[in-house]
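To keep things clear, I will list the structure first and then write my remarks on it.
Numbering of ligands and ligand atoms starts at 1, following listing order. Start at 1 with the first residue, then count along the sequence.
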Amino acid sequence: MKATVIGGNGFIGTSLVEHLLETGVKVRVFDKYPSRFSEPLDEVEYITGDLGNHGELHDAVKDVDWVFHLAYTTLPESSNQDPIHDVRSNVVDTLQLLEECRNNKIKKFVFISSGGTVYGVPREVPIVEEHPTDPICSYGITKLTIEKYLQLFHHLYGLEYVAARLANPYGERQNPHSKQGAIGVFLGKIARGQPITKFGDGKVVRDFIYIGDSAKALVACARYEPGPEDPRVFNIGSGEGYSINQIIETIEKVVDVPVYVESTPARSLDVPSNVLDISKARKHLGWSPEMQLETGISRAWQWTKSLSLV
Ligand SMILES: NC(=O)c1ccc[n+]([C@@H]2O[C@H](COP(=O)([O-])OP(=O)(O)OC[C@H]3O[C@@H](n4cnc5c(N)ncnc54)[C@H](O)[C@@H]3O)[C@@H](O)[C@H]2O)c1
């Protein structure tokens, strides 16, 4: 088996690449930038390129069985500032990638969608895949749009795909300078001796999934061989909800330095609660999350401390 990981040098991509190699899959990475937090691996073929340069996509997906699409130019917050950019650089460029994939007869296209944004404000939790989809950010709309194009390419051309609606991954190599990923950002601030910022009252509930469990789920998506009526869209999370206050309490237990918290007003794009029902992934992908939150945060903290951020 050989796989291309588009966006393979990022947080999720580097863990996915490691897990693919561990399971005997040959790997090509196509990314705009080198990895910020790990060295290139001898056994991986690296192509530096931009999803927006359509001429580069042919070589990116040539002669591989699986394509994992992880590159994205926006975050939930930034997407609302420029939805036109969100559509052009994500929907349009992904469509070009899909064209290349069907021409190259790719066996499985795995797209990383977003369990945190496609549903919008949940009517009930845990959220099942059939829950209405009413995103309150452009990012959620473009993720959903791409899911619909995957369905269309499957219908028209038989391109096999899985859309993984990923919850909130955390763990080693999560960028501590990012605007996304509460646990990674909190740990980065704590390592620098800075206060962490809590939006609103901290009662917002999220589904946090350890990065190693996320990587295993994505490989399970690629290995999955669905029949015509089988699902192709899966929630991937821990299936458990923790409030930001509970996350901060867990962090306080794990880290060996003081934690300072400051509060700012709640953000309009934060839905009050998001916990995914992962029964379908357990049943069809034969996958289950394994990491306990406290152990996962402890591993993330050990990694963050090793960065010498101060
Ligand atoms: N991190 C999360 O909380 C989270 C949650 C749900 C879904 N996702 C999705 O998972 C995917 C990966 O996220 P991540 O956290 O690893 O992000 P990341 O920013 O760490 O990694 C993304 C990688 O894609 C590359 N990239 C971006 N635009 C590109 C382009 N036009 N051409 C080539 N390479 C490009 C970047 O250089 C980077 O290495 C994204 O699609 C994201 O929307 C992330």
Between the protein and ligand 1, which nitrogen or oxygen pairs come in under 3.5 Å, and how far apart is each?
{"from": "ligand 1", "atom 1": "16 (O)", "to": "Phe11", "atom 2": "N", "distance (Å)": "3.3"}
{"from": "ligand 1", "atom 1": "16 (O)", "to": "Ile12", "atom 2": "N", "distance (Å)": "2.9"}
{"from": "ligand 1", "atom 1": "20 (O)", "to": "Phe11", "atom 2": "N", "distance (Å)": "2.9"}
{"from": "ligand 1", "atom 1": "31 (N)", "to": "Asp50", "atom 2": "OD1", "distance (Å)": "3.0"}
{"from": "ligand 1", "atom 1": "32 (N)", "to": "Leu51", "atom 2": "N", "distance (Å)": "2.8"}
{"from": "ligand 1", "atom 1": "34 (N)", "to": "Lys32", "atom 2": "N", "distance (Å)": "3.2"}
{"from": "ligand 1", "atom 1": "37 (O)", "to": "Asp31", "atom 2": "OD1", "distance (Å)": "2.6"}
{"from": "ligand 1", "atom 1": "39 (O)", "to": "Gly10", "atom 2": "N", "distance (Å)": "3.3"}
{"from": "ligand 1", "atom 1": "39 (O)", "to": "Asp31", "atom 2": "OD1", "distance (Å)": "3.2"}
{"from": "ligand 1", "atom 1": "39 (O)", "to": "Asp31", "atom 2": "OD2", "distance (Å)": "2.7"}
{"from": "ligand 1", "atom 1": "41 (O)", "to": "Leu70", "atom 2": "O", "distance (Å)": "3.0"}
{"from": "ligand 1", "atom 1": "41 (O)", "to": "Lys143", "atom 2": "NZ", "distance (Å)": "2.9"}
{"from": "ligand 1", "atom 1": "43 (O)", "to": "Tyr139", "atom 2": "OH", "distance (Å)": "2.6"}
{"from": "ligand 1", "atom 1": "43 (O)", "to": "Lys143", "atom 2": "NZ", "distance (Å)": "2.9"}

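A salt bridge is absent between Arg88 and Asp93: the closest approach of a Lys/Arg side-chain nitrogen to an acidic carboxylate oxygen does not fall below 4.0 angstrom.
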Exercise. Could you walk me through whether Lys32 and Asn9 pass side chain to side chain donor-acceptor pair (under 3.5 Å), step by step?
Key: CA-CA 9 Å; Lys32 228 159 121 168; Asn9 285 336; over 6 Å; no
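Judged purely by distance below 3.5 Å, without hydrogens or angles, the side chains of Ser138 and Asn80 never pair a donor atom with an acceptor atom. Remark: the Asn245 side chain and the Lys198 side chain contain an N/O donor-acceptor pair separated by less than 3.5 Å.
Using cut-offs of 30° and 60° on the angle between ring planes, the pair Tyr72 and Phe111 is tilted.
Looking at His284, Glu160, Glu147 one by one, the single match for side chain to side chain donor-acceptor pair (under 3.5 Å) with Arg232 turns out to be Glu160.
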